[in-house]
Amino acid sequence: MASEDPFTTPDFRLLFESSPALYLVLDPDHTIIAVTDAYAQATMTRRDGILGRNLFEVFPDNPVDPHATGTRNLRESLDRAVTGRGSDTMAVQKYDIRKPEPEGGGFEERYWSPVNTAIFGKDGNLAFIIHRVEDVTEFVRIKRQGTEQGQILEELRARAGRMELEVFQRAQEIQEANRNLVAANADLARSQEAAEAATRKAESAAQEFEAFSYSVSHDLRAPLRTIDGFSMLLMEKFAPALEPAARDYLVKVRAGTGRMAALIDDLLELARVSHSPLALDSVDLSRMAGDISSRLGESHPERRAVFRIEPGVEAKGDPRFLRVLLENLLGNSFKFTSRKPEAIIEFGQVREERKPVYFVKDNGVGFDSRFVDKLFGTFQRLHTEAEFEGTGIGLATARRIVHRHGGCIRAESELGNGAVFRFTLENE
Amino acid sequence: MNDKYILLVEDDPNDELLTLHALQENRIRNNVVVTRDGAAALDYLFSTGPNEGKPLPDLPQFVLLDLKLPKIDGIEVLQALRKHSRTRLLPVIIFTSSKQEKDMINGYRLGANSYVRKPVDFTEFAKAVKELNLYWMVLNEKAPGQA
């Protein structure tokens, strides 16, 4: 049994099929006639499943890969091997293989490095084609990974580059910002200087004003006191010698000095509320209005006046100024209700657009609303001195105070039907 | 020497005359010593300057002090009075035309006992002088140890 003697006649089919390399043997029509175990394993096929079948029927293109060129390339290579009567080494091919149904079916991505060799018989005709492949999928993957890593690296480099650029730009920006900052600091220093200069100027103006008002307050009043005092002494000491007309004239002289003194005081007050700096604090306006009302009531105990003061009205402002404001408004109401059998004067607040609006309201003679524009002007009066005495400065002062607090003041009235003054203090 | 008296420090002769009139009118015949500037007031009280060598006078019942004065102004007079132990507790009433906040604050801060603004209206003026006199001359008890 020569065939059973491994030394004389080796079993070539067994040897071939056991080869660790991946081989297919095709006949000239590309029918598979032999296959190594390794090939079957690598292509997830079984020998009995592919023997006798056409190569391209067993290994069709992956239908889901639109770029699959495997079958075409393979066919061309086989032809070249035959035509060239030798071997044809193909470039690495992507040639996906069909997975068996039990493993989920579909195709698995594979890369192959094939070599096709045409074998001719003694008659010179094509006998077989040996199709040898190496599964380079892993290699391609690694390479691709390498590529990917390279790409990542490249990406990183690019990003690093961009960052470098960005860092550079940032640095430039920072430098620019620093330059601007330096410039801004210089500006600030300059504006601080300017502000200090302005403050000094304001201070010196305030000092000048102080000196001025001091002098006005002292020196303008002293002669008035002299005029008034000696007119009075004339009337008292020389009463028998004075004719009634002379006495009447002296009364007028004294009235004039009184009015002049009131004007000086009111003008000083107006100047003060215009020039003095504000010292803001929270102010209990209700309490302030209460104090002022008591004092007004005490000044004319013969009058019937009801003050209705809403409790708990608070505001932020300069307490000294707000006192002057309320003194003027409440004093006004008190004055213009003097002919009512019962004066009713109210103070309170309402909310308009969620902002407090304070009001002083009375049932006095009111004013003709056609002249409301003149009401707050300096020395403007809507009543004659004979009707109601006054300097015409009080409401100008009130308005100045409100304006200095960033608010506004308005008045409404119907002649004979009382008046209401409303004001806001916007700094709240 | 004179028992109770007022020291009036006043540079304006008209105001001086009106003050004296007001005091007379109220039938309170007090002695009034008048000095016409701050320096004269201090020289009088401490026997200095022209009064050098004179014995120290008894202290007045109170000082009616104007603020705007020649040489040494009212505030400086007040400061000097409060510095000396002899006059530290002497009642000083600032009696001035000014209602300047600064004057009032300074006056009280430096130890003025009262601050009264001279009214322009003589009726008011006379009333103020009378009330001041009544309070400080008659009702007020001087601090113990004050001459």
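Lettering follows sequence order; numbering is per chain, from 1. Owing to the predicted nature of the structure, the values given are computational and were not obtained by experimental measurement.
Contact of B:D15 with chain A is made through the side chain alone, with heavy-atom distances under 4.5 Å.
Contact between A:A222 and B:S97 at its shortest, heavy atoms only, is N-OG, 4.4 Å.
Separation of atoms CZ (A:R225) and CD (B:E124) is listed at 13.0 Å; rounding is to 0.5 Å. Once rounded to the nearest 0.5 Å, the distance linking CZ of A:R221 with OG1 of B:T96 reads 9.0 Å. Distance CD1/A:I227 to CG/B:N14: 10.0 Å, rounded to 0.5 Å. The distance from atom CZ of B:F122 to atom OG1 of A:T226, rounded to the nearest 0.5 Å, is 11.0 Å.
By the neighbour-count criterion of 12 heavy atoms within 6.0 Å, atom OH of B:Y108 is densely surrounded, having more than that number from other residues, nucleotides or ligands.
Residues satisfying the side chain to side chain donor-acceptor pair (under 3.5 Å) test with A:T257, not counting sequence neighbours, are A:D228.
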Which is it for B:L18 and A:M232 under the side chain to side chain contact (heavy atoms under 4.5 Å, CB included) test, yes or no, and what are the steps along the way?
CA-CA 10 Å; B:L18 290 173; A:M232 183 74 190; over 6 Å; no

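The stretch residues 64-74 of chain B places B:L67, B:K68 near chain A, each with some heavy atom under 4.5 Å from a heavy atom of that chain.
Between chain B and the options A:G258, A:G229, A:S231, the largest number of non-hydrogen pairs under 4.5 Å is found for A:G229.
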